[in-house]
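The structure under discussion appears below in the form of structure tokens.
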Amino acid sequence: MGSYSASWFAARVARHPEPDLVVMQGQGSDRSFLTCQLGPLTVRIRRSCSSLVAVNGEVGVTVLLHGEIYEPSGVRTAEGLLEAYLRQGPRVARSLNGSFALLILDSRLGGLLAITDRVNSHKVFLSEDDGGWWLSTSLYRHSVEGRRLDPAGVASVLACGAAHGGLTPFEGIRVLERASVHSFTQRGHGFESYWDFESRAQSASVRESDLREGLADVLRSSVERRIPAGQGKVFVSLSGGYDSRSIAGFLSETVDDPERLRTFTYHHGPEVGDTDFGTASLAAASLGVHHQRVEGYKGDLPSVLEANSSFGQGMANFCTEADAWQSLGPLMAESDENLLFAGDRFPVASPRSEAGTGLLAQANVFPVSTIEWFLKGLGSSSASALRNGWRTAYEGLLAKIPSDQSVSDSLHRVKLENTTDTLMLWRECFQMPYVRVANPYLDNNVLDFMIRIPAQLRKTLYQDAITGALPNLFRAPAVDGGWNPPDWPRELRHHAPSIRDAVMSTPSRLDELVEPDVILHLLKATSGVSATGSDEAVATLRSLTKRLTLVRQIVRAVKPRVRRPVPLRRARHQVLLDLLTLRGFLSESWVSPQNVETSTMRRCDVRDT
């Protein structure tokens, strides 16, 4: 057992011989380098020592595993994967249940295969140039030399809070499609999907009680198969909802030593109303497990912005609770046997609109019209580039919504492809630098079971399955009160001088599209005039008003009736936080290839050896 080291790789697939490349250089043992000749292609891979590799020199096949395989049991190691691949070829992807990305170097094919899992829990970035392809698990390790900013990727972040549709902030760098086998040969790059969301409802003769019991068994098994061997600690980010509470319940039934199971809830400000912390505390007490409150925000907004710029790759959702992960992360990283369980799950929401725009909005994908107010403040060239770039990409996402499914099935597909995709990226950016992350409710068996349940029954059956399996744990009703996040406009007002100084003193490639003066004008407008009375009193009153149980119940009853399917505009403070994060990410201190190594070490906190 040793300290945790995050897995990563950066690969160059060259069509012709090339000199040594800067991105392949750096300190590290010989074990962190792979070089292979695949017909006319030369493949060079730099990898972390925590990634797993197996080689069969006789047939000329090498397998690199980035992540984990849970099933079949015989292929959990790189050696097992290699044997399975030699038997089945690329079809092996269909049988793999795990959280992973694979690279397979096959001299018989004269090329390289990259395989992604069903939910893209381990992103692989791809770009192509005249000499070949770059593949990497992080933009911090990807060659961006000579690449312009992608207005579509930038506009997606500003309109939606994250990059969608495989976009990144850089033109020509994309995220590989999920659940796919990608091939790179002398003929070019191609890919084939091996799994897709396709509703296959059970026969009407199947009783709901049988579905409920079957789902409970599948959920419990998916948790159990992820429990690590050894004495590593098992962490659960515990909220007030069904997902994380039930995972903690299943773990408490299975983990042999209660001291190994650690639950925590991040929070901020007064513990009032039906917030996550109160319900989570009661749940942990009923299970008899350790529970910790972690401060979600310590009051230093510039530090939170720096953390988001350093970890979010310019495309992840803004991590409002970055302080919590920076406090917990070093503790989780003390052992490579530690594991964090997350409550991400299959979408079960009911549609609020039949229109494609409404379905995308429920997946937090919004049209460019929501930031039109911001674009009007830009120069015509930048505004047109951002507007047209995201409009085209958004229309492409609309066109992908199938017309031959029910509205509920379409919504669940859209949410799986967009909400889940961006959530997986968020976990990669802010949690995986410190600890392995398990998502049992996105297990292959869970996904396959859920798509067999009629769409209109999924939410009810899911909740009934969990409460039926763990009745004592759910005596207290589930809540969605959240973690009482700070008042961000207030925080922006309080920290405006230091933010202004940082914008004026630090150049960034974002200036090509959004000039610093535009950001400073938005900062001034967002900060506004200080509220009457002390900031603390105003913030506390707002928190109490928003989170008193009776008030929240009234809001929940009224909000669905008045909420627009697609919002008219995105809030100023949200756009500003994303702009400041993007600007920091694109600061010129790291985007040149000469600084890849030092910036990666600084930003990702990844140990190469």
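What you see is a predicted model, and the numbers here were worked out from it, not measured in a lab.
- Closest non-hydrogen pair, Asp421 versus Val119, comes out as OD1-O, 4.3 Å.
- Side-chain contact check for Thr422 versus Asn364: every heavy-atom pair is 4.5 Å or farther apart.
- Under the 6.0 Å cut-off for aromatic ring centres, Phe346 and Phe449 do not qualify, their centroids lying 6.0 Å or more apart.
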Q) For Leu64 and Leu102, what are the C-alpha separation, side-chain angles and deciding distance, and is it a side-chain contact (heavy atoms from CB on, under 4.5 Å)? A) CA-CA 6 Å; Leu64 184 152; Leu102 301 179; over 6 Å; no
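- In summary, the aromatic rings of Phe100 and His122 are positioned with their centroids too far apart to meet the 6.0 Å limit.
- The number of heavy atoms from other shown groups lying within 6.0 Å of NZ (Lys415) is above 12.
- Note that CD of Gln463 is 8.0 Å distant from CD1 of Ile466, once rounded to the nearest 0.5 Å.
- Aromatic rings from Phe264 and Trp325 are positioned such that their centres are separated by under 6.0 Å.
- For the pairing with Val255, the side chain to side chain contact (heavy atoms under 4.5 Å, CB included) check across Arg260, Glu224, Lys233 returns one residue only, Arg260.
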Q: Any chance you could lay out the side-chain contact (heavy atoms from CB on, under 4.5 Å) test for Gln362 and Asn418, step after step, and finish with the verdict?
A: CA-CA 10 Å; Gln362 281 191 254; Asn418 292 280; over 6 Å; no
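- Looking at Ser156, its side chain does come within 3.5 Å of a backbone N or O of His164 through a donor-acceptor pair.
- Between Trp426 and Phe430, the angle of the ring planes lies from 30° to 60°, which puts this pair in the tilted group.
- Checking Ser7 against Ser51 by side-chain atom types alone, no donor-acceptor pair falls below 3.5 Å.
- Shortest non-hydrogen contact noted between Ser180 and Phe191 is OG-CD1, 3.9 Å.
- A donor-acceptor contact shorter than 3.5 Å links the side chain of Asn97 to the backbone of Asn444.
- Under 3.5 Å, the side chains of Asp106 and Tyr85 contain a donor-acceptor pair of N or O atoms.
- No side-chain heavy atom of Ile451 sits less than 4.5 Å from a side-chain heavy atom of His412.
- Heavy-atom neighbours of Arg108 CZ from other residues, nucleotides or ligands within 6.0 Å: above the threshold of 12.
- Taking the ring centre of Phe341 as origin, the terminal cationic atom of Arg226 falls outside the region bounded by 6.0 Å and 45° from the ring axis.
- Annotation for Asn308 and Asn317: closest pair OD1-O, 4.2 Å, computed over non-hydrogen atoms.
- Of the possible donor and acceptor atoms, none in the side chain of Arg47 sits under 3.5 Å from a partner among the backbone N and O of Ala10.
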Q.
Run Asn445 and Tyr70 through side-chain hydrogen bond (donor to acceptor under 3.5 Å, both in side chains) and show every step you take.
A. CA-CA 11 Å; Asn445 295 331; Tyr70 306 116; over 6 Å; no
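- Side chains of Ile104 and Leu82 form no contact here, defined as non-hydrogen atoms less than 4.5 Å apart.
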Q | Step-by-step side-chain contact (heavy atoms from CB on, under 4.5 Å) determination, Asn338 to Tyr434 | A | CA-CA 10 Å; Asn338 292 344; Tyr434 301 113; over 6 Å; no
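- Between the Ser50 side chain and the Ala6 main chain, a donor and an acceptor come within less than 3.5 Å of each other.
- Separation of the His291 and Phe277 ring centroids falls under the 6.0 Å cut-off.
- Between Asp243 and Asp344 the shortest side-chain heavy-atom distance does not fall below 4.5 Å.
- Taking the ring centroids of Tyr140 and Phe585, they lie under the 6.0 Å cut-off.
- Looking at heavy atoms from C-beta onward, Phe184 lies out of side-chain contact with Val43 at the 4.5 angstrom threshold.
- Although no hydrogens or angles enter the test, the distance criterion places a donor-acceptor pair under 3.5 Å between the side chain of Thr116 and the main chain of Ala179.
- For Arg141 (side chain) and Phe9 (main-chain N/O), no donor-acceptor pair under 3.5 Å exists by modelled atom type.
- Distance check: Leu340 CG to Arg427 CZ gives 7.0 Å after rounding to the nearest 0.5 Å.
- Of the possible polar contacts, none joining the Asn439 side chain to the Leu442 backbone as a donor-acceptor pair under 3.5 Å is found.
- Trp195 does not carry Arg94 over the face of its six-membered ring by the limits of under 6.0 Å from the centre and within 45° of the normal.
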Q.
One pair to check against side-chain contact (heavy atoms from CB on, under 4.5 Å): Val236 and Arg262. What are the steps and the verdict?
A. CA-CA 6 Å; Val236 181; Arg262 303 297 179 96; over 6 Å; no
Q) Does the side-chain hydrogen bond (donor to acceptor under 3.5 Å, both in side chains) test come out yes or no for Ser183 and Thr185, once each step is laid out? A) CA-CA 6 Å; Ser183 61; Thr185 67; 5.6 Å; no
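- Residue Leu139 holds its CG atom at 9.5 Å from OG of Ser127, rounded to the nearest 0.5 Å.
- Annotation for Gln405 and Glu198: closest pair NE2-CA, 4.4 Å, computed over non-hydrogen atoms.
- Contact annotation: the side chain of Met450 never approaches that of Phe197 to less than 4.5 Å [non-hydrogen atoms, C-beta and beyond].
- Between Glu253 and Arg220, at least one side-chain nitrogen of the basic residue sits less than 4.0 Å from a carboxylate oxygen of the acidic one, meeting the salt-bridge criterion.
- Within the 4.5 Å cutoff, no side-chain heavy atoms of Leu126 are placed close to those of Val175.
- Remark: side-chain polar atoms of Ser244 are paired, donor with acceptor, to backbone N or O of Ser239 under 3.5 angstrom.
- Within the 3.5 Å criterion, the main-chain N or O of Lys123 finds a donor-acceptor partner in the side chain of Glu428.
- The CZ atom of Arg345 sits 16.0 Å away from the CG atom of Asp443 when rounded to the nearest 0.5 Å.
- Atom CD of Glu192 has 12 or fewer heavy atoms from other residues, nucleotides or ligands within 6.0 Å.
- Remark: Leu360 CG to Glu417 CD distance equals 10.0 Å, nearest 0.5 Å.
- Salt bridge present: Arg178 and Asp196 bring a charged side-chain N and a carboxylate O closer than 4.0 Å.
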Q.
With side-chain hydrogen bond (donor to acceptor under 3.5 Å, both in side chains) as the criterion, how do Ser406 and Asp409 come out once you've worked through the C-alpha distance, each side chain's angles and the decisive distance to 0.1 Å?
A. CA-CA 5 Å; Ser406 69; Asp409 276 323; 3.2 Å; yes
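- Atoms CG and CG, on Leu411 and Leu359 in that order, are 5.5 Å from each other to the nearest 0.5 Å.
- Closest of all the heavy-atom pairs between Ala216 and Ala469 is CB-CB, 4.1 Å.
- Of the possible polar contacts, one joining the Thr265 side chain to the Leu238 backbone as a donor-acceptor pair under 3.5 Å is found.
- Closest approach of Leu38 and Leu112 over heavy atoms only: CD1-N, 4.0 Å.
- Looking at heavy atoms from C-beta onward, Phe125 lies out of side-chain contact with Arg174 at the 4.5 angstrom threshold.
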